[in-house]
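A, B, ... follow the sequence lines: proteins, then strands. Residue 1 opens every chain. Since we're looking at a predicted model, the values are computed, not measured.
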Amino acid sequence: MSVAEVVVDVPTMQTNRPFEYLIPDALLDVVVPGVRVEVGFGRGKRKIQGFVMNVKDSSDFTGTLKPIIRVIDVKPVLSAEMIDLSYWLADETYAFQISCLQTMLPNVMRAKYKQFIQAAKGFENDPEVQSILNGHLLVEMTSDTTEERIKTIARLKRENKIEIEYVVENKANSLTRQAVNTQLSAEDITNKKADLRANAKAQIRLYDFLVEHCADLPIETSEIEKKFNITRPTLKTAEKNGIIEFVEITKRRKPVGIKPDVKNIPQLTEEQKSAVDTINQAIDEKQPQTFLIEGVTGSGKTEVYLQTIQKATEQNKTALMLVPEISLTPQMVNRVIGRFGNQVAVLHSGLSSGERYDEWTRIENGEVKVVVGARSAVFAPLRNIGIIIIDEEHEASYKQDDNPRYHARDVAKWRSQYHNCPLVLGSATPSLESRARAEKSVYHLIKMTKRINDHPLPHVQIVDMRDAENSAVKGDLSPLLQDNLWRALKRKEQAIVLLNRRGYSSFLMCRECGFVLKCPNCDVSLTYHKNIGRMKCHYCGHEENVPHTCPNCQSKKIGFYGTGTENIERQLNEQFPDARVLRMDVDTTRKKGAHAAIIEQFSDHQADILLGTQMIAKGLDFPDVTLVGVINADTTLSISDYRASERTFQLLTQVSGRAGRADKEGHVIIQTYNPDHYAIRDAAKQDYETFFKQEMYLRHQSGYTPYYFTTLISVSHQDEGQALKQSYWLKKQLSSVLSNQAILLGPSPTMISRKQNKYFYQIIVKYKREPQLHQKLLQILSDTQAESRNGFTIAIDNEPQHID
DNA sequence: AGCACGCCGACT
DNA sequence: GTCGGCGTGCTC
C-alpha cells in the first residue's frame, strides 16, 4: 500500500495538516513529494488541489482512504528544501501551510476551481432542470449567479435531479510551439546537399539555412517560414528525408526593457577588496555566516556584491540577490545582466504572471545561475546556492504585510543555513536590529567608510521652516531652496525634489474648527483626487463631493491642507517656467514600465527637476544631479510608529546620497519644522554611528526593538463591543503564560479602526524571552478559528514593520 | 471553504 | 404533520 500525505488547498485552521490519500498503482511513480495532485475532499464530490508532502507505505487512518484522482505535475514543483522550508515558515509566521506553499510558487500555479451543473440521469427533460440549463449541457456556477437561482440549484441537487461537476484548473501554461530541429551536424547536411537534384531549389535553400543556423536550433517553425521564406511543404519533405525533425519547444515570453550594458570590471578600492575577500572566504569554506556591510552611499557596495556572485558562479554555484522592488530599475538590472548575461533571471512586479512563470521555470530547470528580484524572489527554486545578498537590508518592504507575514531576511537566513553559504546584508543605513546583532558579533560587520574616488560628501543645509523669513513665503519652497534651484538650473545641472509623504498631501481641513473630512466607513482622511474632482478613501474606495462649507461648524474656511506632488509641481512650474519638471509618484507610475520610463527620461537629461515621493530616494544614480531638496523632512517623524526616527534618518540619508555623485559637488537642502531633531541632524552629516547610538539609547529607554521582540495581535469583528470583548479575552489568555518581564500593550483601536466596516483592536506584546508565548499563540489561533464563523478574525504579526 | 446532518418554526 | 431555515461538525 502506498499512501501520500497531502496538504489540501483549504485555508482554515481545522484543515491545516496533511490528509492521507491512497496512491493508485497507475500513479505510483509520479506521486512523489513536491507534486501537486487533485483529490476529493469532504463528503460531497468536491475536488481540490493539494501538495504531496510525503509518501509512505502504511497509514494509521481508521477510515477509508480516498484515492488521488490525478497528478497535476509530471515532476515536483517543490524541492525537498522548499517542503522543509514551508514547515518552518508556517510555524514562524502563524500562517496556514497551504498559504506558505502557494507563496513559494508563481501565482499561476494556484488552482482555479469551477463548478458545472448538469442534469442527473433521467431528469434531462425535467422542466425545472431545463430552466436552469437553458438548453446547455453544462452550466458554470459563477459568483454572479443570483441568490434565487442558487436556491433552486440547491433544491434540485437535494432532489438528485442535477449533479455538480467539479473542475480543478491549473492556470500555468507554457507557450508551446512547433519548432524545427536536426540530429545531423553541419557537415552531414553539407554532404546530403550533394545528393539533391539541382532543381530542388527550396530544399537547397533550406539546407543552406540549416548549416548556417546549426547552432541556433531548434528554431520555431513559424519563424523559419516568415523570416527565411521557407514553406511548410519544403520542411515536410526534409522531414521525410530524415534531415530535420519537428519538436515542441516551450517559448519563453521575453521580458521587456533589458539592455545588457557591458562594462569593464572596475578596480576595487582597498575597502571593497577587503570586503570581497572576507566574503569569498566564507563561500570557499561553506560558512553559513551573515555579514552586514555598513557602507556609506557611494562606497561601491554593488561592486562587492557582483564580485562575490562571480566567485560563487566560478565554483559552479548559484547566487540569489534581493533588492527592494523600487530599485529594481533598469540601471541595477543592466549592471547585473551586463556582468552575467543570460545566466540571470530577474523577478520583478512588472512581469506578467506568464512571464513570471517562465522565469521561474528557467530557474527551476537550472538554466539560470543568478537570480535578482524583490522580496518573493527569496523563494527562487535555485539549487546549490553559493551566496545570498540582500541590498538595502533596512527596507520595510522585505516584510510581507499579509499572510504569510514573512521577512525575506529570515527566509534568506534559513536558506543560507540549508545551503551552507554566506548571507550578505548591505545598507548605508542598516536597520537597528541588524546593526545591533553585528555589535554582538552575531553578524560579521564590514564597514565601508570611503566613497569611491574620494568623492566628497554633499554639502547639507537644514532650513528651519519656523523662521519668519521662511514662513512668510507663499508656497512650500524656502528662499534658500529656490536660490539653489536657480543656480543649478543656470549651470544646466539637474535637481531632485523630494516630498516626504503622499497621504499627507491633500486632505481637507477646516481652519476654523479643525474638522477633517473622513471616510464614513474607515475613519481615515479622504484624499482629493484631481482627476475625478472628488474626495476618495484610499482604503475602501468610498467617494464623495468636495464640501464648500465645513460640515461641523459651517465655516467657509474649509480647504486643503498640506501639499501634494501635484501642488509642488505647479509651484515649480510657476517659479521656474523654463525648467522641465518630471513628476514621479504613485499616480504617474501606476502603469507598467512607467517607473523605468521616468528614470530613463531623467537619466537622459530630458528633464531638469525630478519631483517625487520616497521612491526617488532609493538606489538611483544620476551623475548630473547636484541638488537635492527635501520639502518636508518631518512628515515621517510624525507617524505613530516607534520606527519614525529610524525611517526619517534612513530616508534623508539615502536621498542626500543622490547629490553630487560624479565630479560635481552636491548640495542638499532639508526643510523642516524640527531642525534640532537628532534624526535630521545626523542624516545631514551622514553619520550613521552617532544616530545608531542615540536611537539605541532611546529604544532601550522605552523598551523597543532591538532590546525587545514585538508581536502584534489584532482582533476584528463587525460589532465593536464584540471586538473589544474578544481582545480583552485574548489579553487575559496571553498574560496567563507571560512572565513579568513581558509587557502587554492594549487593546487599543487601530488608527484605521473601521476598515471594511469592521472594528479592529490590537494588542502588542513586548518581550525578551517567553518560551511559552509561541505555543500559546498557536493555540489561540486554533481556538479562535472556530469562531471565525461569527465574524471574528485574528491576525498575528511577528516583528511588525508598522504599528498604526 | 463547502457540504451534510440535524434540530426548530410556518406552511400545504 | 413536512419543508426548509440555519447552526455544528467534519473533511484522509
Using whole Å, what does the distance between atom [atom2] of nucleotide [N] and atom [atom1] of [X] come to?
X: Q115(A); N: dG2(B); atom1: CD; atom2: P; value: 7 Å
X: K45(A); N: dG2(B); atom1: NZ; atom2: C1'; value: 15 Å
X: Q49(A); N: dG2(B); atom1: CD; atom2: P; value: 15 Å
X: K157(A); N: dC5(B); atom1: NZ; atom2: P; value: 11 Å
X: I98(A); N: dA1(B); atom1: CD1; atom2: P; value: 14 Å

Discussion item. Contact between L27(A) and V37(A) at the side-chain level, heavy atoms closer than 4.5 Å - yes or no?
Written reply: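 Contact flag for L27(A)/V37(A) side chains = no.
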Practice prompt. Check the pair R362(A), E359(A) against salt bridge (Lys or Arg N to Asp or Glu O under 4.0 Å), reporting the backbone distance first and the verdict last.
Written response: CA-CA 5 Å; R362(A) 280 177 74 216; E359(A) 289 298 271; 3.2 Å; yes
Worksheet item: Are the side chain of Q779(A) and the backbone N or O of L777(A) linked by a donor-acceptor pair below 3.5 Å?
Response: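 Between the backbone of L777(A) and the side chain of Q779(A) there is no qualifying donor-acceptor contact (under 3.5 Å).
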Worksheet item: Is there a donor-acceptor pair under 3.5 Å between the side chain of D73(A) and the backbone N or O of K75(A)?
Response: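 Not at all, since once roles are kept as given, no pair shorter than 3.5 Å links the two residues.
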Worksheet entry | Per-nucleotide protein contact string for nucleotides 3-12 of chain C (B base, S sugar-phosphate only, - none; heavy atom under 4.0 Å) | -S---BBSBB
Pairs: protein N or O with nucleotides 7-12 of chain B N or O, under 3.5 Å:
none

Worksheet item: Where does the angle between the aromatic ring planes of Y406(A) and F379(A) fall among parallel (under 30°), tilted (30 to 60°) and perpendicular (over 60°)?
Response: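 It falls in the perpendicular class, over 60°.
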Practice prompt. Look at R415(A) together with E81(A) and state whether they make a salt bridge at an N to O cut-off of under 4.0 Å.
Written response: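 Looking at R415(A) and E81(A), the cut-off is met.
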Discussion item. Using ring centroids (six-membered ring only for Trp), state whether Y94(A) and H774(A) fall under 6.0 Å.
Written reply: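 Yes: the rings meet the under 6.0 Å criterion.
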Item to complete: Enter the distance from Y398(A):OH to R409(A):CZ here, rounded to the nearest 0.5 Å.
Response: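 Rounded to the nearest 0.5 Å, the OH-CZ separation comes out at 9.5 Å.
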